[in-house]
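When a residue number appears, it is its place in the shown sequence, counting from 1.
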Amino acid sequence: MTRTLLVDGNSLLSTGFHGIKNMYNGTDHIGGLYHFLNTLRKHIDGYLITKVVVFWDGKDNTHPRLKLYPDYKLKRRLKNKSEEDIQSYAKQKLRVQEYLEELYVRQATFPKCEADDCLGHYCEKSRDEEIIILTSDRDLLQLISPKVSLYILSLSRLFKYGEKVPLNGINIPSNNVRLVKTICGDSSDNIYGIKMVGIKSLIKIKPEILEEKVTLKEVIDSIKEKDKVTQKEKNIIEGITNNTQEHENQHILDINYTIIGVGEQFLTQDAINGIKELSKEAIDPQGRHWKNALDLMMSDGLLNILPKKDDSWVDFVRPFLRLTRIEKDFYKNKKND
């Protein structure tokens, strides 16, 4: 069975870009670039990966959700970034993409589509792959399944199907992540939760959340069945949040549940078609070579960062060379079919 590493490209690049601030090649910051490649090679090697797919956020990627929820990611959109940071990030992203082309890594970006939705759709449609998702986004914990595991970069930990996952300081089944965020909100994406209801309050209302999958309907039904309803429970039923803005024609919990979900519902048809092709395509080796990647490493000063020994660069690229051989064999076999 194919063992696939799905990568949230912007998430991985941002982790290194903001986390490794003092790594430079001359005047050029390369922290994001080095961290991306080094993390990728470690996972390819450590989990014996045979296929890598990187998804990037497309231009205007928040557009579909903004139509439903105008405040979506508002704080991030209003956050001031220096022109220097913007240019440095864009330069490192472009450079990473050049490396990936040489190292037989599939990658894609689609206008008006978030990488999260591409990852979700890929997992949903995959049939013969064992998948590991690489990200810092805990929203994607909802994608864990018998065939999908998730590696959280900030925790340096892989979460598998059947394991509880950390959310707001509480460990819950992964298939309750979407429910909890729907009711309690998600401050990182500026999604307002129900007033007075945090995860601990929600667990008191529906303790089963700690042990088994619970649906939004089950939470609401259990409240309606009570003789005496608390203010917190009333807020859930009525959809009252700390946001004074009113949402017409649709209950706030329905909106939250929709925008927190990831997958096909927010993808364009071009993206859906592209992901389908990407999942099965054979990479043409024409023009690709690991020596081209080595030239890039020399130009970017990455060789100066590696341990001071003659074959340190060999150790660095070895996982990519194994991936290259696998992809070349796949291309030959498919061409001969």
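Ring-centre distance between Phe17 and His29: below the 6.0 Å cut-off.
Using a 4.5 Å heavy-atom cutoff, the side chains of Asn171 and Pro166 are in contact. Under the 4.5 Å side-chain criterion, counting only non-hydrogen atoms from C-beta, Phe159 is not in contact with Ser174. Side chains of Val105 and Tyr99 form no contact here, defined as non-hydrogen atoms less than 4.5 Å apart.
Lys195 NZ: 12 or fewer foreign heavy atoms inside a 6.0 Å radius.
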Tyr331 and Ile283: CA distance, side-chain angles, deciding distance, side chain to side chain contact (heavy atoms under 4.5 Å, CB included) verdict:
CA-CA 6 Å; Tyr331 177 82; Ile283 299 177; 5.9 Å; no

What verdict does the side chain to side chain contact (heavy atoms under 4.5 Å, CB included) test give for Leu306 and Met297, after you've listed the backbone C-alpha separation in whole Å, the side-chain angles of each residue and the deciding distance to 0.1 Å?
CA-CA 11 Å; Leu306 302 180; Met297 290 177 66; 4.1 Å; yes

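Of the charged side-chain nitrogens involved, at least one lies within less than 4.0 Å of a carboxylate oxygen, so that Asp315 and Arg318 count as a salt-bridged pair. Ion pairing between Arg288 and Glu101 holds under the 4.0 Å rule for side-chain N and carboxylate O. Using a cut-off of 4.0 Å between Lys/Arg side-chain N and Asp/Glu carboxylate O, Lys51 and Glu327 are scored as not salt-bridged. Taking a cutoff of 4.0 Å between a charged side-chain nitrogen and a carboxylate oxygen, Glu114 and Lys73 qualify as a salt bridge.
Arg65 pairs in a salt bridge (Lys or Arg N to Asp or Glu O under 4.0 Å) with only one of the listed residues (Asp117, Asp189, Asp139), which is Asp117.
No donor-acceptor contact under 3.5 angstrom links the side chains of Asn273 and Glu277, judged on distance only. Side chains of Ser222 and Glu218: no donor on one and acceptor on the other come within 3.5 Å.
The aromatic rings of Tyr192 and Tyr69 are tilted relative to each other, their planes meeting at an angle between 30° and 60°.
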